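One structure below.
No experiment lies behind these values; they were computed from the predicted model shown. Lettering of chains follows the sequences in order, A, B, ..., and the numbering in each one begins at 1.
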There are 2 protein chains.
Amino acid sequence: MYIWGHMAKIKSKNNGTKKEVIVEAATRLFREKGFKAASMRDLAEAVGVEAASLYNHIQSKEELLQEICFKVANTFNQHLETIESSELPAIRKVEAILRFHIRQMLEQYELVLVADRDWKHLSDPYLSNFHNQRRTYRKRLAGIIEKGIHTGEIKQVDAPTVVLIMLHAVNGIESWHRSREKISAKQLEENMVLIMIEGLKA
Amino acid sequence: MYIWGHMAKIKSKNNGTKKEVIVEAATRLFREKGFKAASMRDLAEAVGVEAASLYNHIQSKEELLQEICFKVANTFNQHLETIESSELPAIRKVEAILRFHIRQMLEQYELVLVADRDWKHLSDPYLSNFHNQRRTYRKRLAGIIEKGIHTGEIKQVDAPTVVLIMLHAVNGIESWHRSREKISAKQLEENMVLIMIEGLKA
DNA sequence: AATATACATACGAACAAACGTTAGTGCATC
DNA sequence: GATGCACTAACGTTTGTTCGTATGTATATT
């Protein structure tokens, strides 16, 4: 039964495989029920262990949420960095960022959704950290859009409003995941880009 | 102190003023903390009463959520009805529906957001009822869009995807409410319509 | 007009259940 | 013999909710 026993060493090497299992199960559970409604006993059952045993691998329920939120934040921040320092015209940058959000929502949607919906349940060193990162990310994205407006690539609109629309529109992909008659992921992406980016072009 | 005493009769006439106060406070609280994280003691404090006293006016915490969710559902269903039976061209219908969502989000955003975010915490007679209404609403909206595609008013896109984008994009207005440097509500509406409806036109 | 009756609503105290988490113990591996 | 991990038991809180009671107002009776 103790198939994980030999992993002990790896874990102490600061690379816990069992902890990753827990975080993954937590991600699924938090997405399904919400952070507050998901209990540690639910999570334990999903992992196949007693609730108390979880605490051999994690420090608290909130640590799980922190791990999820900042993993997502890092992913998006890193991508934004590379896009910003590229030589694309502004409208192409916006498109690339939109496509990245769509793909993350397609491939990692449980992670992204939990971070987006439940980050407010973080507590305060982490809460304001995350909140700031979020604000900064949106400001930078709005900056790219404004540059595109000045160069005449993008029609004259309020940049922060575009950011709101874009970032929230991709959340609709959650419903796509649950729907029965799905179009393909590729078609979904092209449709979203077509509607939103064409709506932006001057 | 008992200024509400004389309301007893009115309340027994099936029109509880105090209950409305409670529902309004609950709406604000649920929006702020989420349904699960908001406690009845929090709510009681917001109303200015002890937790036990709430139960002279309501039957359960969930009843509050029901009231919120179905109030919102009725509002949108009713509006969709009038739009559907109007003689507008399809693209104008879609615009009218989008504008209605935007205005509801501007004026009743706590109500709308709670219904949208927390309806999953309803339990089962109400849960599936609400879920069905939600699905039906989206199907009908997609139907209008498809009609617009056939008449050539709307460009060739996947209608359900448009619905997803539209309905989720308006949720971004929550961030607008919290933001410091707000553009006016009217400007916000026109920007959103400009971006989304122009992006749809053939 | 005074009194009795009914009722709506506030309260403090308490409930059982569920919550996140800790402590102590024993087994398995290195 | 040390370490890692799962277990059972239990902890102190917080949860939604109920109970019994007091008190104010409205209505009916005298």
Side-chain angles (χ1 to χ4, degrees), chain A residues 1-23 25-26 29-30 32-68 118 121-124 126, chain B residues 1-23 25-26 29-30 32-68 118 121-124 126:
Chain A
M1 246 308 181
Y2 284 83
I3 58 171
W4 291 103
H6 68 288
M7 286 297 177
K9 205 152 170 202
I10 298 182
K11 200 242 168 181
S12 64
K13 273 195 197 168
N14 191 10
N15 190 0
T17 305
K18 187 64 174 284
K19 180 170 179 178
E20 282 171 13
V21 171
I22 294 173
V23 173
L29 198 66
F30 292 169
E32 185 184 320
K33 314 181 87 166
F35 175 74
K36 274 286 177 183
S39 77
M40 293 304 276
R41 287 166 179 85
D42 289 336
L43 177 57
E45 195 185 0
V47 175
V49 94
E50 291 299 313
S53 308
L54 296 172
Y55 289 86
N56 287 320
H57 305 277
I58 63 165
Q59 297 214 351
S60 66
K61 189 188 183 188
E62 212 201 283
E63 192 201 353
L64 293 168
L65 187 58
Q66 291 162 15
E67 212 121 334
I68 293 168
D118 285 328
H121 295 113
L122 291 170
S123 55
D124 210 356
Y126 302 96
Chain B
M1 248 305 182
Y2 285 82
I3 58 171
W4 291 102
H6 69 289
M7 285 298 176
K9 203 152 168 203
I10 298 181
K11 200 245 167 183
S12 64
K13 273 195 196 169
N14 190 10
N15 191 0
T17 305
K18 187 66 175 287
K19 181 170 178 177
E20 281 170 14
V21 171
I22 294 174
V23 173
L29 197 67
F30 292 169
E32 185 184 319
K33 313 183 89 168
F35 176 73
K36 274 287 177 181
S39 78
M40 294 303 277
R41 284 166 181 86
D42 289 336
L43 177 57
E45 196 185 1
V47 175
V49 93
E50 290 300 314
S53 308
L54 296 172
Y55 289 85
N56 288 319
H57 305 279
I58 63 165
Q59 296 213 349
S60 66
K61 190 189 184 188
E62 212 200 283
E63 192 200 356
L64 293 168
L65 187 57
Q66 291 161 15
E67 213 123 333
I68 293 169
D118 285 329
H121 294 113
L122 292 169
S123 53
D124 211 356
Y126 302 96

Do B:His57 and B:Glu20 touch side chain to side chain, with heavy atoms closer than 4.5 Å?
no
Find out whether A:Lys36 and A:Phe30 are in side-chain contact, i.e. whether some heavy atom of one side chain is under 4.5 Å from a heavy atom of the other.
no
hbond_proxy B:Asn56 side chain to C:dA8 base (donor-acceptor, 3.5 Å cutoff):
no
Over how many whole Å does the gap from [X] atom [atom1] to [N] atom [atom2] extend?
X: A:Glu45; N: C:dG20; atom1: CD; atom2: P; value: 14 Å
X: A:Lys18; N: C:dT29; atom1: NZ; atom2: C1'; value: 15 Å
X: A:Lys33; N: C:dA18; atom1: NZ; atom2: P; value: 12 Å
X: B:Leu54; N: C:dC11; atom1: CG; atom2: P; value: 9 Å

Say whether, by atom type as modelled, one donor and one acceptor occur between the side chain of B:Glu62 and the main chain of B:Ser123 under 3.5 angstrom.
yes
Kindly say whether B:Ser39 contributes a backbone atom to a donor-acceptor pair with the side chain of B:Lys61 at under 3.5 angstrom?
no
Give the minimum heavy-atom separation between B:Ala25 and B:Val47, together with the two atoms involved.
CB-CG2, 3.8 Å
Are A:Arg41 and A:Glu50 close enough for a salt bridge, meaning some N to O gap below 4.0 Å?
no
Give a yes/no answer on whether the side chain of A:His57 brings an N or O atom under 4.0 Å of OP1 or OP2 in D:dA6.
yes
Do the side-chain N or O atoms of B:Ser53 get closer than 4.0 angstrom to the phosphate oxygens (OP1, OP2) of C:dC11?
yes
With the criterion being N/O to N/O and under 3.5 Å, what pairs connect the protein with nucleotides 15-19 of chain D, and how long is each?
from, atom 1, to, atom 2, distance (Å)
D:dG16, OP1, B:Ala38, O, 3.3
D:dG16, OP1, B:Lys61, NZ, 2.8
D:dG16, OP2, B:Met40, N, 2.9
D:dG16, N7, B:Arg41, NH1, 3.0
D:dG16, O6, B:Arg41, NH2, 3.0
D:dT17, OP2, B:Tyr55, OH, 2.5
D:dT17, OP2, B:Lys61, N, 2.8
D:dT17, O5', B:Tyr55, OH, 3.3
D:dT17, O4, B:Arg41, NH2, 3.4

